[in-house]
Asker: 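To start, I am sharing the structure in question, which I have written as structure tokens.
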Amino acid sequence: MSRADHPVISPVRLIIGLAVIAVGLILTLDQTDLVDADELLIFWPVVLIAIGLTKIGSRRTPDLAFALIFVGVGLWFLAANLEWVDIYPYDYLWPAVLILAGAYLLAGGLRRRVRVEGGDADSFVSSFALWSGIERTSSSDDFRGADLTAIMGGVELDLRQASIRESPAVINAFTMWGGIDLRVPQDWNIEYGLLPILGGYSDNTDQSPGPDSPTLVIKGAAIMAGLDIKN
């Protein structure tokens, strides 16, 4: 039975959907002078805080740091809008984005990769694309993970012929002004811990995992970029 037979409401999409409806209602009521939109829209950072708290409480959130970033950024914007702090976040937005991007790349470069004895050459995939494009394929019967980085470039990784012996396999993906495309088998469980910053990720898979299916965790960040997962 496919995943489409069991529709699941994403809490994050629910929050964003309700927020969009709320903004529309506020702007409509503002036209009728029933409410003052300027006084209500300053609370928009509550959406970021709610998303972060939802991710913290979700079992499907493998990276707590990204959830805490959502909460922290939301609290900072909210405090600035309410004039509780004098440091206005808009003045520091782009420097903060660059610092986060650099910190993520540094952490990825220093990350110690543990490889179990007996792994083949395709068990772990590492690709870095700068102003270029890279296409990789793994047909390993013991796939364990990958480090994928695309900066003003693109990375494509095809895992449709790969297998996972010990779950979870973890892919650390980072893209900035670029894109990453992943192709995965239909019988894998896919979990996400991605942080989109003026970017996003798209799950276009049609998964049909069984009770004993392996799990692939996709972590990372997309800054003014996109990450696409499909079969």
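The first residue in the sequence is number 1, and the count goes up from there.
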Asker: Quick check: does any side chain N or O of Asp30 sit under 3.5 Å from a backbone N or O of Ala37, one acting as donor and the other as acceptor?
Answerer: yes
Asker: Is Thr175 reaching over with its side chain to a backbone N or O of Ala150, donor-acceptor style, under 3.5 angstrom?
Answerer: yes
Asker: When Ile15 is tested against each of Leu53, Val47, Val46 for side-chain contact (heavy atoms from CB on, under 4.5 Å), which residue passes?
Answerer: Val47
Asker: Treating Ile, Leu, Val, Met, Phe, Trp and Tyr as nodes and any side-chain heavy-atom pair under 4.5 angstrom as an edge, say whether Val23 and Ile21 lie in one connected cluster.
Answerer: no
Asker: Can you tell me if Asn231 and Gln207 form a side-chain donor-acceptor pair at under 3.5 Å?
Answerer: yes
Asker: Charged N to carboxylate O under 4.0 angstrom, Asp141 versus Arg165?
Answerer: yes
Asker: Would you say the side-chain atoms of Ser167 pair up with the backbone N or O of Thr215, donor to acceptor, closer than 3.5 Å?
Answerer: yes
Asker: Trp188 versus Ile164: any side-chain heavy-atom pair under 4.5 Å?
Answerer: yes
Asker: For Lys230, is there an ion pair with Asp228 - N to carboxylate O distance below 4.0 angstrom?
Answerer: yes
Asker: For the residue pair Ala173 and Ile180, what are the closest heavy atoms and their distance?
Answerer: CB-CD1, 3.9 Å
Asker: Using the ring of each side chain (for Trp, its six-membered ring), is Phe77 parallel, tilted or perpendicular to Trp44, with breaks at 30° and 60°?
Answerer: tilted
Asker: Is it the case that the side chain of Ser132 and the backbone of Ala129 share a donor-acceptor pair, with hydrogens and angles ignored and the cut-off at 3.5 Å?
Answerer: no
Asker: Is there a path of hydrophobic side-chain contacts, each under 4.5 Å between heavy atoms of I/L/V/M/F/W/Y residues, joining Phe174 to Trp131?
Answerer: yes
Asker: Can a donor-acceptor pair be found, under 3.5 Å and without considering hydrogens, that links the side chain of Ser138 to the backbone of Leu159?
Answerer: no
Asker: Hey, are the side chains of Ile218 and Leu182 touching, using non-hydrogen atoms and a 4.5 Å cut-off?
Answerer: yes
